[in-house]
Amino acid sequence: MPAPIFALVDCNNFYASCEKLFDPRLAGVPVVVLSNNDGVVVARSAEVKALGLPMGQPWFKVRDLAKRHGIVAFSSNYTLYADMSNRVVNVLAQFSPDLEVYSIDESFLDLSGHVPESLAAYGRSIRERVRQWLGLTVCVGIASSKTLAKLANHCAKKNLAGTGGICDFTAMSAAELDSLMARIEVGEIWGVGRQLAPKLHAMGIRSVKALRDADPGQLRQRFSVVQERIVQELRGIPCLSLEDVTPDRQQIISSRSFGERVHDLQSLQEAVTSHICRAAEKLRNQDSLAGAVTVSIRTSPFNPNEPRYQKSLTVALPEASADSRILTRAALKLLGQSYRQGYAYQKAGVMLSDIRPRRLRQPSLFSAIGNDEDNRRLMQTLDHINSRWGRGTLRLAAEGTDFGWRMKRGHLSPAYTTNWETLPRLIAR
DNA sequence: CTATAACTCTCAA
DNA sequence: CTAACGTTGAGAGTTATAG
């Protein structure tokens, strides 16, 4: 078993780059992509970063500034991003069969046993091929643990070390690494977030190097195993392995903010039903059953002038199920218990939990024989129709037809890569 | 008391 | 015109509860 070598490949400004890719007029133009409901800025092109517009800002707060700088905004187009993401993964898979898709724009590759004489050159060829085949730019961080590979990737992106978007820690001397790590904020480390960073600061640990050289036992005492593992990983002792098989979900959530505030129970019922159907579809997709359903509704947590209300209720089902109708009945009952009139609701969501494979089904003593099989085939047919003809082709009537609660998507780009209908528009310009 | 379930907090993209 | 601020999933630790 050779010492592991990890590469972390991360697409630059992924969402913004996807948008630019299909509209050459956007070359050199600052572009932002907004979260669902056009809420906050979640991706920025290089030009926007240069302007100093921060990540995570509510769009309405920065809109004027953005207009003045000629920033073009897009609503999240997940159909496009997911499709481009798959294409990137397909290219990366050519470089190593041991690949973990970590997020929509990041993958870990196990490079152990691959061209040990020049890992950086291998990284460059990855970057070149993704650029050539897809027009997207990636950075590659290479190191002996996943945490270090993430850090190396950070260095590549910020041009702190390495060249041309590639940073290989395994080729650096101990002294080089020391001085590099001394210059990087501890908060940049994977797993050191908003809460932990200030606590580490208070202990006098401000740099990556300081954390690497800290006492792991003491950190475990004070915090948890997670922090102890981070220290080991920073020292090049891998504690995390490549997770190449994605396990079944243990919980499935569907929740969304409304485009406009919602006041009436009927709209909430329709929204909750849609959420259940979306979650149940995912549940069936992994051939599982859910044993519990949770429904949450809330008013805006931001507006101090609005009366606040939030409620979240869970029920255990008498018999685990993946039937949209059964799950909906349970959810609507919970919603009825949660709903209070007179509030301006901002968001509703559902969670399916206590999830198990369908093959472990335990029929209740009182369930009618055969019913379940009929229901399953009905759901199968429904999924089949929706996968063939598009999401939402066949729906429960309880989802309604009004959709006044649907999210805002005022700046949506076409489904460039997944819908032929967009082709004429592309050619026309 | 222990084993486990339920809940809370944190993190990440 | 005004008001307007994402979603999903996991893991660890803590607390409550059952036996």
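Reminder, nothing fancy here: chain letters follow the sequence lines and each chain counts from 1. Below, each value reflects all heavy atoms present in this structure, side chains not excepted, and no hydrogens, waters or symmetry copies.
Side-chain N/O atoms of N303(A) include none lying less than 4.0 angstrom from OP1 or OP2 on dA3(C). OP1 or OP2 of dT8(C) has at least one side-chain nitrogen or oxygen of R256(A) nearer than 4.0 Å. For the OP1/OP2 pair of dC9(B) and a distance below 4.0 Å, the side-chain nitrogens and oxygens of R194(A) include no atom meeting the criterion. An OP1 or OP2 oxygen of dA12(C) is reached within less than 4.0 angstrom by no side-chain nitrogen or oxygen of Q227(A). Contact between the side-chain N/O atoms of K150(A) and the OP1/OP2 oxygens of dA13(B) is found at a separation under 4.0 Å. Between S255(A) and dT8(C), a side-chain N or O to OP1/OP2 separation shorter than 4.0 Å is present. Phosphate proximity of dT2(C) to R63(A): absent, as no side-chain N or O sits under 4.0 Å from OP1 or OP2. Distances shown here put every side-chain N or O of Q251(A) at or beyond 4.0 Å from the OP1 or OP2 atom of dT7(C). Here K61(A) does not reach the OP1 or OP2 of dA3(C): none of its side-chain N or O atoms lies under 4.0 Å away. Contact between the side-chain N/O atoms of S257(A) and the OP1/OP2 oxygens of dG6(C) is found at a separation under 4.0 Å.
The residue among K408(A) and I253(A) whose nearest nucleotide of DNA chain C lies closer to the 5′ end is K408(A). Sequence order on DNA chain C of the closest nucleotides to R278(A) and P58(A) puts P58(A) first from the 5' end.
Counting only heavy atoms from C-beta on, F60(A) has its side chain closest to dA4(C) among dT10(B), dA4(C), dA12(C). Among the nucleotides dA12(C), dA10(C), dT8(C), the one closest to the side chain of Q250(A) is dA10(C). Listed nucleotides: dT8(C), dT7(C), dC11(B). Nearest to the side chain of L196(A): dC11(B). Distance from the side chain of V226(A) is smallest for dA12(C) among the nucleotides dA12(C), dG9(C), dT7(C). When distances are taken from the side chain of D105(A) to each of dT7(C), dA13(B), dC5(C), the shortest belongs to dA13(B). Nearest to the side chain of V40(A), among dG9(C), dC5(C), dG11(C), sits dC5(C).
Residue L34(A) is out of contact with every strand shown, counting any heavy-atom pair closer than 4.0 Å. Within the 4.0 angstrom heavy-atom criterion, no nucleotide atom of any strand lies near S76(A). Residue contacts shown for I355(A) are absent, as no nucleic acid heavy atom lies under 4.0 Å away. At a threshold of 4.0 angstrom between heavy atoms, the contacts of Q57(A) with the nucleic acid are absent. Residue contacts shown for E306(A) are limited to sugar-phosphate atoms, with no base heavy atom under 4.0 Å away. Within 4.0 Å (heavy atoms only), W190(A) reaches sugar-phosphate atoms of the nucleic acid but no base atom.
Between N37(A) atom CG and dC5(C) atom P the separation is 7 Å, expressed in whole Å. Atom pair I189(A):CD1 and dA12(B):C1' shows a separation of 15 Å (rounding to whole Å applied). Between the CD atom of E228(A) and the P atom of dG13(C) there is a distance of 10 Å, given to the nearest Å. Rounded to an integer number of Å, the gap from I104(A) CD1 to dA12(B) P is 19 Å. When rounded to the nearest whole Å, the span between CD1 of I252(A) and C1' of dT8(C) equals 11 Å. F258(A) places its CZ atom 12 Å from the P atom of dC5(C), with the value rounded to the nearest Å. The interatomic distance linking L240(A) (CG) with dA12(C) (C1') rounds to 14 Å, in whole Å. For the pair K199(A) NZ and dT10(B) C1', the interatomic distance rounds to 9 Å; values are reported in whole Å.
Checked against a 6.0 Å centroid threshold, the rings of W190(A) and F108(A) count as neighbours. Y345(A) and Y339(A) have their aromatic ring centers within a separation under 6.0 angstrom.
Across all strands shown, dA10(C) is found opposite dT10(B) as a Watson-Crick or G-U wobble partner, with both distances under 3.5 Å. Under the Watson-Crick and G-U wobble criteria, each requiring two contacts below 3.5 Å, nucleotide dA4(C) is left unpaired.
Of the possible donor and acceptor atoms, none in the side chain of S76(A) sits under 3.5 Å from a partner among the backbone N and O of Y78(A).
In plain terms, the two heavy atoms of G404(A) and E260(A) that are nearest each other are O-CG, 4.5 Å.
No side-chain donor from either of Q310(A) and Y343(A) sits under 3.5 Å from a side-chain acceptor of the other.
Of the residues I142(A), I126(A), L242(A), the one that meets the side chain to side chain contact (heavy atoms under 4.5 Å, CB included) test with L109(A) is I126(A).
A distance of about 13 Å separates the C1' atoms of dA12(B) and dG6(C), rounded to the whole Å.
A cation-pi geometry, defined here as NZ or CZ lying under 6.0 Å from the six-membered ring centre and within 45° of its normal, holds between R406(A) and F403(A).
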Please evaluate residues R395(A) and E270(A) with respect to the criterion salt bridge (charged side-chain N to carboxylate O under 4.0 Å, His left out), reporting the C-alpha separation (whole Å), side-chain torsions for both, the decisive distance (0.1 Å), and the verdict. CA-CA 11 Å; R395(A) 300 190 311 267; E270(A) 294 176 1; over 6 Å; no
